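Below: one structure, written as structure tokens.
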Amino acid sequence: MENTENTKPLNFIEEIVEEDLRTGKNDNRIHTRFPPEPNGYLHIGHAKAICLSFGIAQKYKGKCNLRFDDTNPVTEDVEYVDSIREDIQWLGFNWEGEAHYASDYFEQLFAWAVMLIRKGKAYVDETSAEDISAERGVPTQPGKESMYRNRSVEENLDIFMQMKNGEFPDGTKVLRAKIDMTSPNMHMRDPVLYRIKHAHHHRTGDKWCIYPMYDWAHGQSDYIEGITHSLCTLEFEVHRPLYDWCLDQIADGSYRPRQIEFARLNLNYTVMSKRRLLQLVNEGYVSGWDDPRMPTICGLRRRGYTPESLRNFAEAVGIAKRENVIELTLLEHCLREHLNKIARRVMVVSNPVKVLIENYPDGKVEIMQAENNPEDENAGMRDLPFSREIYIERDDFMEDPPKKFFRLSPGNEVRLKNGYIIQCTGADKDPATGEIKQIRCTYDPTTRSGLEGANRKVKATIHWVSAHHAIDVEVRLYDRLFATPDPDVVEEGKDWKSNLNPASLTIIVAKAEPSLATAKPEEKYQFQRTGYFCVDKDSTASKLILNRTVTLKDDWAKIAGRG
RNA sequence: UGCCCUUUAGUGUAAUUGGUUAACACGUCUGACUCUGGAUCAGAAGAGUCUAGGUUCGAGUCCUAGAAGGGCAACCA
């Protein structure tokens with residue numbers, strides 16, 4: 001066990017960590033952090049990042065902090081803080097100690113800013129936002145120094161204090177680092193460190209009216225918390241020189257956090273940006289952040305995903321620096337792999353057609369025994385009522401079947417799972433429409449499941465429910481959110497939303513075996529031969545609602561699909 | 001036309017750090033088995049590593065020059 005762990009190839013971040021451990025860097029401490037901004041819900045891309053940072057800490061006996069990057073009070077809210085904490089814990093991770101907040105460090109950050117000014121490395125700029133932007137230049141051309149760049153230390157200090165004391169309106173002044181307006185890296189062209197925002201902060205209230213920018217807060221927060229490996233996504237790569245510059249101003253040399261970037265997760269048939277997810281919610285394309293079609297952690301949870309399956313997925317996709325688009329089939333594979341082991345099997349007929357077993361005594365009811373999960377010996381058995389009239393799937397009968405169709409058809413035999421072998425004697429049709437109203441069969445009493453006679457080879461086994469005992473349940477058949485793998489590929493004049501899958505949700509009423517009546521929200525079931533389902537939180541005692549998490553693999557659908 | 005990053009089967013990730021015939025997973029295709037056309041098992045196809053040069057006994061790994069894709073110009077993170 002220990003051995004397989006050691007021989008598994010390391011990703012490039014683990015290699016860096018192991019090298020640091022070899023050389024004794026930072027006293028051999030390994031301390032990571034997950035730093036969400038509380039301005040939205042976490043999605044599966046964050047799940048990858050969470051598994052990485054918490055996973056590295058676990059693997060190397062280190063620690064992982066949760067730190068809310070709450071430096072922008074106008075977009076942030078406690079609602080998000082709470083959902084983020086819940087999602088991380090649901091995923092199965094525990095952060096070190098209490099959750100941290102960048103806002104915990106506002107005082108220290110301010111003190112360091114004052115120190116910067118004293119060293120002549122920061123200045124207050126009164127240029128307007130537009131002009132600062134213009135003066136910054138463009139990537140291909142150097143910027144121009146601000147006319148306020150060379151104020152005296154005293155003047156800077158004085159105005160900065162006034163900024164802090166709320167003497168200026170929003171947007172009138174900023175504190176800027178004095179670095180290099182000609183740098184080929186835009187982020188080094190005197191980046192803004194503080195801006196004025198007379199806004200109520202979800203934690204510090206009205207104490208502050210100046211707030212630090214990400215670049216001034218993040219590395220410093222890492223330093224304060226003793227973070228050794230600060231893992232983030234690729235778009236922060238260009239920030240790294242600034243991250244290091246900021247640390248240079250405060251670090252004493254005995255310890256040093258390091259920022260390492262990796263490629264974010266992309267999944268086909270969905271979108272991942274906060275902006276787009278928000279748009280789907282606001283414009284009513286989905287029912288909310290936890291709509292089971294959303295790639296949010298709470299959405300996946302409601303859909304029926306398990307923390308294990310998500311963690312296995314994060315492991316399977318790996319960590320590297322190149323842009324990637326993971327196939328949804330890999331996610332679904334990880335899901336099925338886990339659900340197969342834990343989901344109780346039940347029989348539910350989603351598109352019912354009645355079958356009359358002509359030679360079965362009217363009014364008789366037998367109780368059949370069914371395995372709850374053949375993959376789990378401890379899952380036990382359950383009772384299943386059987387009677388003269390049952391429902392089977394309409395698709396499991398064909399009047400005029402093609403060669404490879406093994407199920408019910410006139411004259412043909414089929415096994416009823418955990419029941420009897422039946423033979424079709426005919427079907428009654430609506431003379432006007434040709435629709436099958438009822439299928440007629442006979443059963444062989446010696447073939448009851450468990451009896452000697454049941455050992456006969458039969459081509460197919462189908463699921464069923466007793467018509468009189470079945471309960472009606474609402475089933476929400478979810479499919480992929482987008483109809484095309486890359487939602488950005490669109491016709492002229494259309495946008496990504498035109499690729500939304502119109503069939504991503506179909507609601508039906510199905511006939512379920514009676515044992516399902518006591519099912520509770522979040523419980524996972526396998527509807528035999530159909531798929532995995534999860535009881536929705538909207539369920540009530542009188543109305544059971546199940547979400548289709550994912551279908552079972554269906555070889556017949558492939559064969560039939562080929563024509 | 002500045003800087004930074006990336007480039008290995010359809011999709012991801014590896015390759016003992018310069019060493020045999022480039023591996024694993026998902027997907028695809030066969031077949032076996034099955035009281036779930038599920039699961040499981042067995043097998044197959046599929047890349048010669050972005051291109052062109054070079055170094056070397058030997059290059060996916062090193063060098064040179066290109067190409068392609070991505071990122072950077074918020075008082076967002």
Side-chain angles (χ1 to χ4, degrees), chain A residues 7-11 15 35-37 39 69-72 74-76 102 125 128-129 132-134 136-143 170-176 183-189 192-197 210-211 213-215 217-218 232 234-241 261 263 268 274 316-334 336-337 340-341 345 347 370-371 374-375 404-407 415-419 421 447 449-450 454-463 526-531 551-560:
Chain A
T7 53
K8 210 176 74 182
L10 304 176
N11 64 50
E15 266 171 24
E37 183 188 12
N39 71 344
D69 229 331
D70 55 351
T71 56
N72 187 1
V74 306
T75 58
E76 296 154 5
D125 198 338
S128 71
I132 284 181
S133 177
R136 184 147 34 222
V138 292
T140 53
Q141 280 165 21
D170 289 5
T172 52
K173 292 174 176 55
V174 291
L175 183 73
R176 288 228 257 172
S183 172
N185 183 334
M186 296 296 289
H187 296 277
M188 299 299 272
R189 320 241 267 225
V192 172
L193 264 24
Y194 272 93
R195 74 289 215 195
I196 301 171
K197 279 179 191 283
I210 57 171
Y211 291 93
M213 297 288 288
Y214 166 84
D215 290 300
H218 200 89
C232 62
L234 251 27
E235 68 267 31
F236 292 100
E237 203 156 24
V238 283
H239 289 246
R240 186 162 13 104
E261 312 84 16
N268 61 15
K274 271 185 193 173
V317 301
I319 299 293
K321 294 194 76 163
R322 71 169 132 162
E323 306 277 346
N324 61 80
V325 181
I326 308 294
E327 291 180 343
L328 192 60
T329 51
L330 178 60
L331 212 210
E332 292 180 339
H333 169 262
C334 294
R336 291 192 184 103
E337 190 178 46
N340 178 45
K341 288 186 223 146
R345 308 287 115 145
M347 293 202 279
E371 250 182 325
E375 307 288 325
K404 286 183 176 164
F405 185 82
F406 304 145
R407 285 110 92 158
R415 185 193 302 277
L416 296 175
K417 177 82 184 166
N418 302 307
I421 294 172
T447 60
S449 192
N455 295 335
R456 179 156 25 114
K457 289 269 179 273
V458 184
K459 271 284 201 182
T461 300
I462 63 172
H463 61 281
Q526 184 199 87
F527 291 4
Q528 286 192 302
R529 302 208 305 133
T530 312
T551 60
L552 243 30
K553 283 202 266 180
D554 186 354
D555 284 342
W556 166 246
K558 273 186 198 168
I559 296 165

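In what follows, chains carry the letters A, B, and so on, assigned in the order in which the sequence lines appear, proteins first and then strands, with residues in each chain numbered from 1. In this text, all values refer to a predicted model and were calculated from it rather than measured experimentally.
Secondary-structure stems of RNA chain B, taken as three or more successive Watson-Crick or G-U wobble pairs (i with j, i+1 with j-1) under a 3.5 Å distance threshold, comprise B:2-7 with B:67-72, B:10-13 with B:23-26, B:28-32 with B:40-44, B:50-54 with B:62-66.
Every residue was checked against the side-chain hydrogen bond (donor to acceptor under 3.5 Å, both in side chains) condition with A/Lys459, not counting sequence neighbours, and none meets it. A search for salt bridge (Lys or Arg N to Asp or Glu O under 4.0 Å) contacts involving A/Arg176 returns A/Asp125, not counting sequence neighbours.
Between the A/Asp70 side chain and the A/Ala102 main chain, a donor and an acceptor come within less than 3.5 Å of each other. Checking side-chain atoms of A/Gln141 against main-chain N and O of A/Gly137 turns up no donor-acceptor pair under 3.5 Å. Side chain of A/Arg529 to backbone of A/Asp554: no donor-acceptor contact under 3.5 angstrom is found. Listed for the A/Arg415 side chain is a donor-acceptor partner under 3.5 Å among the backbone atoms of A/Ala454. Proximity of a side-chain donor or acceptor of A/Ser183 to a complementary backbone N or O of A/Met188 within less than 3.5 Å is not detected. At least one donor-acceptor pair closer than 3.5 Å links the side chain of A/Thr530 to the backbone N or O of A/Gln528. Formation of a donor-acceptor pair under 3.5 Å by the A/Arg345 side chain with backbone atoms of A/Ala370 is not found in this model. Of the possible polar contacts, none joining the A/Asn418 side chain to the A/Ser449 backbone as a donor-acceptor pair under 3.5 Å is found. At distances below 3.5 Å, not a single donor-acceptor pair connects side-chain atoms of A/Asn268 with backbone N or O atoms of A/Glu327.
With rounding to whole Å, A/Arg240 atom CZ is found 17 Å from B/C3 atom P. The NZ-P distance, from A/Lys8 to B/C24, rounds to 17 Å in whole Å. Between the P atom of B/U36 and the CZ atom of A/Arg407 lies a distance of 13 Å, rounded to the nearest Å. To the nearest angstrom, P of B/C26 lies 14 Å from CD of A/Glu332. Residue A/Ile559 contributes atom CD1, which lies 15 Å from atom C1' of B/U28 at whole-angstrom precision.
Note on A/Ala217: nothing from the nucleic acid sits closer than 4.0 angstrom, heavy atoms only. Residue-level contact check: A/Lys341 touches neither bases nor backbone, having no heavy atom under 4.0 Å from any strand. Using a 4.0 Å heavy-atom distance criterion, A/Asn268 is classed as making no nucleic acid contact. Contacts of A/Arg345 with the nucleic acid, taken as non-hydrogen atoms under 4.0 Å apart, include base atoms. Within 4.0 Å of A/Pro35, counting heavy atoms only, lies no atom of the nucleic acid at all.
The aromatic rings of A/Phe405 and A/Trp556 stand perpendicular to each other, their planes meeting at an angle above 60°, with 30° marking the opposite boundary.
In this model, the phosphate group of B/C35 is not approached by any side-chain N or O of A/Lys459 to a distance below 4.0 Å at OP1 or OP2. Contact annotation: A/Lys274 does not reach the phosphate of B/A77 (side-chain N/O to OP1 or OP2, under 4.0 Å). Taking only side-chain nitrogens and oxygens, A/His463 never comes nearer than 4.0 Å to OP1 or OP2 of B/U36.
Comparing the same atom, C1', in B/A15 and in B/U51 gives a spacing of 23 Å after rounding to whole Å. Of the P atoms belonging to B/C5 and B/G48, the separation is 28 Å, rounded to the nearest Å. B/U34 and B/C29 have their P atoms separated by 23 Å, with the value rounded to a whole Å. Taking atom C1' on both B/C50 and B/A67, the two are 7 Å apart, rounded to the nearest angstrom. Between B/U61 and B/U17, the two C1' atoms lie 8 Å apart (nearest whole Å).
Annotation: the span from A/Arg336 atom CZ to A/Leu331 atom CG amounts to 10.5 Å, rounded to 0.5 Å.
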Mind listing the N/O atom pairs, protein and nucleotides 39-42 of chain B, below 3.5 Å?
residue: B/A39; atom: OP1; partner: A/Lys553; partner atom: NZ; Å: 3.3
residue: B/A39; atom: O2'; partner: A/Asn340; partner atom: ND2; Å: 3.2
residue: B/A39; atom: O2'; partner: A/Glu375; partner atom: OE2; Å: 3.2

Within the sub-3.5 Å range, which N or O atoms of nucleotides 72-76 of chain B have a protein N or O partner, and how far apart are they?
residue: B/C72; atom: O2'; partner: A/His187; partner atom: NE2; Å: 3.2
residue: B/A74; atom: OP2; partner: A/Ser133; partner atom: OG; Å: 3.1
residue: B/C75; atom: OP2; partner: A/Arg136; partner atom: NH2; Å: 2.7
residue: B/C75; atom: N3; partner: A/Gly171; partner atom: O; Å: 3.3
residue: B/C75; atom: N4; partner: A/Thr127; partner atom: O; Å: 3.3
residue: B/C75; atom: N4; partner: A/Ala129; partner atom: N; Å: 3.2
residue: B/C75; atom: N4; partner: A/Gly171; partner atom: O; Å: 3.0
residue: B/C76; atom: OP2; partner: A/Arg195; partner atom: NE; Å: 2.9
residue: B/C76; atom: OP2; partner: A/Arg195; partner atom: NH2; Å: 2.6
residue: B/C76; atom: OP2; partner: A/Lys197; partner atom: NZ; Å: 3.4
residue: B/C76; atom: O3'; partner: A/Arg195; partner atom: NH2; Å: 3.0
residue: B/C76; atom: O2'; partner: A/Asn72; partner atom: ND2; Å: 3.1

Please tabulate the protein-to-nucleotide N/O contacts below 3.5 Å involving nucleotides 11-14 of chain B, giving atom names and distances.
residue: B/U11; atom: O4'; partner: A/Glu327; partner atom: OE2; Å: 2.9
residue: B/U11; atom: O3'; partner: A/Val325; partner atom: O; Å: 3.2
residue: B/U11; atom: O2'; partner: A/Val325; partner atom: O; Å: 2.9
residue: B/G12; atom: OP1; partner: A/Val325; partner atom: N; Å: 3.0
residue: B/G12; atom: O2'; partner: A/Val317; partner atom: O; Å: 2.8
residue: B/U13; atom: OP2; partner: A/Arg322; partner atom: NE; Å: 3.0
residue: B/A14; atom: OP1; partner: A/Ile319; partner atom: O; Å: 3.3

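Closest approach to the A/Thr140 side chain among B/G2, B/G37, B/G38 is made by B/G2 (side chain taken as heavy atoms from C-beta onward).
Its glycosidic angle being within 90° of 0, B/U17 falls on the syn side.
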### Query
Can A/His218 and A/His239 be said to form a side-chain contact (heavy atoms from CB on, under 4.5 Å), step by step?
CA-CA 11 Å; A/His218 200 89; A/His239 289 246; over 6 Å; no

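Checking A/Glu237 against A/Phe406, the closest nucleotide of RNA chain B that is more toward the 5' end is the one next to A/Glu237.
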